[in-house]
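Reviewing the structure listed below.
Note that ligands are numbered from 1 as they come in the structure, with each ligand's atoms numbered from 1 the same way.
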Amino acid sequence: MQIETGVSLKPYNTFGLPAMAQTLVRITSDADVRRVLDHPELGRTPKFVLGGGSNIVLTRDVAQVVLKVEVQGRRLVEARDDAWIVEAGAGETWPDFVAWTIEQGLPGLENLALIPGTVGAAPVQNIGAYGVELKDRCHAVDVVDLVTGRSVTLDASLCRFGYRDSIFKQGLAGKSLITRVRFRLPKPWQPVLGYLDLERKIAETGIAAPTAAQVHDWVCSIRRAKLPDPLVIGNAGSFFKNPVVTEDQCRDIIGRDPEIVHYPMPDGSFKLAAGWLIDACGWKGKSIGRAGVYEKQALVLVNRGGAIGAEVVTLARAIQESVYGRFGIRLEPEPVVV
Ligand code: EPU
């Protein structure tokens, strides 16, 4: 086990924000976690688990021991009659893993193409896009308990998945480290095409029954057209969750803003498009300091070059205040502010 000290975390967060880790250990196996826990000094120091850094806003140096998850490996575990079971190490890059499943003829994750981050981070916030959420494909998650060092498997039903939420963000936050994720890809494969952007692709191409590889390509091109590539412009994807309001609240807002983008939910509530709310407040393309609102999608905050975490937080607060002032809705950030 190699213990690194004074490590810059700038290359390890997709926003490209500056922060230092006093101590960083790369985790490539369950045994590595146990070595850290058994270490005379590190064992007693609080731990901070870092995945692909695609869902954090670093506003300060990290005093905890940073455990950088680098568990590799991807394989078909089992081809059952009703599903393929596929496994990936938590340190695998999510978009590469999804592309690999498609190449291997294992369809089911194509709608989740190109989401930045690692496999291990995917269940934490139950990533979702174009009508599919990770919870729809998750079979089980392997974790190591950060107190006892025990390896445990959590069946998907125990992960308490919600909209951009899970047990790993709640009760198990900071208490466990995800090492591997297994996916259940149902057979026969059925494309999920209900999302407006995908319906447009069907109309454009005239392909009504696309293959998984075609859906994968479509999702990649839709995302590239409106979401910034973190390797070029620092960002953490959608910065705010889409807020959910009651039917009465929704009707009240529609009365004042008939154009508002809203989607009925199965429980009678309505989900509003946070991007639309922010856009309506005139934020698209605006900046505070070196942090800005992306020109093509108001839900994405970007690092215009050299921003620090405090600038991102200031911009986020200003947006929250103006959306609250106009619509009476409190936007909740998606990334974790450290
Ligand atoms: N809109 C605007 N102005 C904007 C942005 C959006 O008017 O600046 C409107 C759009 O016209 C559209 C609506 O808002 O009618 C919704 O926008 P979009 O379809 O782009 O989806 P979203 O709600 O912004 C969500 C997820 C994305 C996911 C897409 C596709 C959240 C917080 N975001 O975005 O997830 O890729 O749907 O399924 O749920 C992420 O979480 O990081 C992420 C990128």
When you compare the side chains of S151 and D30, does any donor N or O come within less than 3.5 Å of an acceptor on the partner? yes

Identity of the nearest option to atom 5 (C) of ligand 1, non-hydrogen atoms only, from K284, K296, Q297: Q297

Report yes if some N/O of N242 lies less than 3.5 Å from some N/O of ligand 1; otherwise report no. yes

With nothing but distance in play, are any N or O atoms of A298 less than 3.5 Å from an N or O of ligand 1? yes

Proximity of Y163 to ligand 1 by residue part, where a heavy atom lies under 4.0 Å: side chain

With the threshold set at 4.0 Å, does a side-chain nitrogen-carboxylate oxygen contact exist between R256 and D252? yes

Under 3.5 Å: N/O of D197 near N/O of ligand 1: no

Name of the residue among T153, I178, V71, L177 meeting side-chain contact (heavy atoms from CB on, under 4.5 Å) with D142: T153

Just to be sure I read this right, does ligand 1 sit under 4.0 Å from the backbone of R164, its side chain, both, or neither, counting only heavy atoms? side chain

For ligand 1, is any non-hydrogen atom under 4.0 Å from A273's backbone (N, CA, C, O), its side chain (CB onward), both, or neither? side chain

Using a strict cut-off of less than 4.0 Å between a Lys/Arg side-chain nitrogen and an Asp/Glu carboxylate oxygen, indicate whether K226 and D197 qualify as a salt bridge. yes

Nearest to atom 44 (C) of ligand 1 by heavy atom, G237, S54, S238, A236: which? S238

Which atom of G285 lies closest to which atom of R304, heavy atoms considered: O-NH2, 3.4 Å

Between Y263 and ligand 1, which residue portion shows a heavy-atom distance shorter than 4.0 Å: side chain, backbone, both, or neither? side chain

Give the C-alpha distance, both sets of side-chain angles, the deciding distance and a yes or no for side-chain contact (heavy atoms from CB on, under 4.5 Å) between Q320 and F240. CA-CA 9 Å; Q320 281 171 312; F240 297 101; 3.7 Å; yes

Do E332 and K169 pass the salt bridge (charged side-chain N to carboxylate O under 4.0 Å, His left out) test, and can you show the C-alpha distance, the side-chain angles, and the key distance before you say yes or no? CA-CA 14 Å; E332 195 188 323; K169 242 179 150 177; over 6 Å; no

